[in-house]
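Both ligands and their constituent atoms are indexed starting at 1 by order of listing.
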Amino acid sequence: MMQISDTLKRPLHDLRISVTDRCNFRCTYCMPKEIFGGEHIFLAREELLTFEQIKRLANIFVLLGVRKIRLTGGEPLLRKEIELLISMLAEIPGLELAMTTNGALLANKAQMLRDAGLNRITVSLDSIDDATFKAMNDVNFPVQRVLDGIEAAKQVGLNPIKVNMVVKRGVNDQDILGMASYFRGTGHTVRFIEYMDVGATNGWKLDDVVSAQEIVATIQKEYEIEPINPNYRGEVARRWRYKDGHGEIGMISSVTQPFCGSCTRARLSAKGQLYTCLFGTKGYDLRALIRDGSSDEVIRATLTQHWRQRIDRYSELRTEQTTDLPKVEMSYIGG
Ligand code: SAM
């Protein structure tokens with residue numbers, strides 16, 4: 001029998017759901033405090049999708065082929081009772097549940113997340129050096145707090161853990177080797193991410209981007225590494241392994257080696273807008289459709305149509321000029 005997913009032009013495997021636009025970090029490359037500081041107005045609770053609405057949409061996305069949902073934000077651990085949402089989503093058969101977090105609240109919450117049914121976690125950490133970490137994320141606690149979160153996640157079995165490091169030239173590129181060395185042999189995979197022009201507020205310049213090629217070269221000064229095959233088609237991180245068997249690292253090179261052609265990812269923003277590209281300028285208002293009382297069939301047909309019509313491939317078209325487009329902010333769409 002033909003699956004609904006067979007009718008879609010390109011497979012839809014992953015769904016990212018931003019559960020809040022709030023964050024306890026003000027990363028210079030994501031939510032600069034000049035824009036997201038004291039005066040910024042975040043979404044009111046009633047503007048966010050409820051857990052019931054998220055679950056309903058998740059069920060429909062699963063019918064279209066989605067096999068993995070990642071909760072993100074803002075900072076997902078700031079969404080009240082996030083564990084309840086996880087337990088609701090965990091009732092959907094055949095779904096892998098993941099989360100991306102800055103790790104600041106993870107030490108206390110790891111067990112609860114695991115018990116609720118979370119399968120995987122990615123922790124963002126841009127430096128192993130306290131001064132760089134604090135400056136980049138505008139926080140006043142040490143890296144150790146995030147490391148404690150990673151350790152707690154490991155202890156409860158959320159393994160293997162991925163650690164995301166966004167590399168920005170002149171800001172934290174001196175810590176590439178430090179991060180690689182710290183996590184080498186721990187079983188956790190550091191993924192080095194090229195700094196991207198997400199949103200319209202981070203003042204992105206091409207000169208700030210440290211390419212994956214440069215990052216690899218930096219690591220090769222100290223360690224012998226070699227590329228390895230992807231785990232699955234459409235994997236965004238290019239995998240490398242230490243030749244001496246001390247684990248692997250990943251390179252996410254969406255600026256210098258875009259991977260739009262194999263993108264299987266849809267995104268739901270904190271206020272229920274559907275985006276088929278991280279760099280989208282306009283989302284489709286799924287929240288309105290839900291609040292209008294549309295049936296599952298109507299929502300499913302709308303999603304199918306949207307996914308089939310998608311032509312976005314921003315990273316392949318990026319120039320210095322496209323950077324100023326009014327793209328959705330990372331805190332709304334969640335990376
Ligand atoms: N608050 C959570 C966190 O810090 O992981 C989830 C949201 S955050 C927007 C998701 C991921 O996007 C993080 O790994 C973050 O480092 C990455 N990110 C944010 N802005 C970025 C940018 N301009 N370029 C590349 N990655 C970015």
*Asks:* Using a plain distance cutoff, I'd like to know if Glu75 has any nitrogen or oxygen under 3.5 Å from a nitrogen or oxygen of ligand 1.
*Replies:* yes

*Asks:* Give the atom numbers and elements of ligand 1 that come within less than 4.0 Å of a heavy atom of Thr72.
*Replies:* 6 (C), 7 (C)

*Asks:* Which of the numbered atoms in ligand 1 are below 4.0 angstrom from a heavy atom of Glu194?
*Replies:*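 Counting from 1, the qualifying ligand atoms are 25 (C).
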
*Asks:* Give the C-alpha distance, both sets of side-chain angles, the deciding distance and a yes or no for salt bridge (charged side-chain N to carboxylate O under 4.0 Å, His left out) between Lys134 and Asp129.
*Replies:* CA-CA 9 Å; Lys134 287 179 185 177; Asp129 171 73; over 6 Å; no

*Asks:* Atoms of ligand 1 less than 4.0 Å from Asn202 heavy atoms?
*Replies:* 23 (N)

*Asks:* For Asp148 and Arg145, what are the C-alpha separation, side-chain angles and deciding distance, and is it a salt bridge (charged side-chain N to carboxylate O under 4.0 Å, His left out)?
*Replies:* CA-CA 5 Å; Asp148 290 346; Arg145 181 157 153 188; over 6 Å; no

*Asks:* Is there a donor-acceptor contact under 3.5 Å linking the side chains of Glu75 and Asn102?
*Replies:* yes

*Asks:* Using the six-membered ring wherever Trp is involved, compare the ring planes of Phe25 and Phe133 and label them parallel, tilted or perpendicular (cut-offs 30° and 60°).
*Replies:* perpendicular

*Asks:* What's the shortest distance from atom 18 (N) of ligand 1 to any protein heavy atom, and which residue and atom give it?
*Replies:*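 I find the closest protein heavy atom is Met330 CE, 3.2 Å.
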
*Asks:* Among all protein heavy atoms, pick the one closest to atom 10 (C) of ligand 1 and tell me residue, atom and distance.
*Replies:* Gly334 O, 3.5 Å

*Asks:* Can you tell which part of Thr122 has a heavy atom less than 4.0 Å from ligand 1: side chain, backbone, both or neither?
*Replies:*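 It is neither part, as no heavy atom is under 4.0 Å.
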
*Asks:* What protein heavy atom is closest to atom 20 (N) of ligand 1, reported as residue, atom name and distance in Å?
*Replies:* Tyr29 CD1, 3.3 Å

*Asks:* Just by modelled atom types, is the Arg287 backbone N or O under 3.5 Å from a matching donor or acceptor in the Gln53 side chain?
*Replies:* no

*Asks:* Would Ser124 count as being in polar contact with ligand 1, using the rule that some N or O on each side must be under 3.5 angstrom apart?
*Replies:* yes

*Asks:* Does the separation of the ring centres of Tyr223 and Phe183 fall below 6.0 angstrom?
*Replies:* no

*Asks:* Can you find an N/O atom of Met196 closer than 3.5 Å to an N/O atom of ligand 1?
*Replies:* yes

*Asks:* Mark yes or no: Arg169 above the aromatic ring of Tyr195, with NZ or CZ under 6.0 Å from the six-membered ring centre and no more than 45 degrees from the axis.
*Replies:* no

*Asks:* Tell me, yes or no, whether the heavy-atom count around Gln213 atom CD, taken from other residues, nucleotides or ligands under 6.0 Å, exceeds 12.
*Replies:* no

*Asks:* Any idea which protein heavy atom is nearest atom 1 (N) of ligand 1, and the distance to it?
*Replies:* Gly74 O, 2.8 Å

*Asks:* Looking at Lys282, I want to see if its NZ is surrounded by more than 12 non-hydrogen atoms of other residues, nucleotides or ligands under 6.0 Å.
*Replies:* no

*Asks:* Using heavy-atom distances, let me know which of Leu71, Leu125, Val166 sits nearest atom 26 (N) of ligand 1.
*Replies:* Val166

*Asks:* Which ligand 1 atoms are under 4.0 Å away from a heavy-atom of Ile193?
*Replies:*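 Going through ligand 1 atom by atom, the ones under 4.0 Å from Ile193 are 25 (C), 26 (N).
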
*Asks:* Before signing off on this row, confirm whether Asn164 and ligand 1 have an N or O atom pair separated by under 3.5 Å.
*Replies:*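 N/O-N/O distance under 3.5 Å: yes.
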
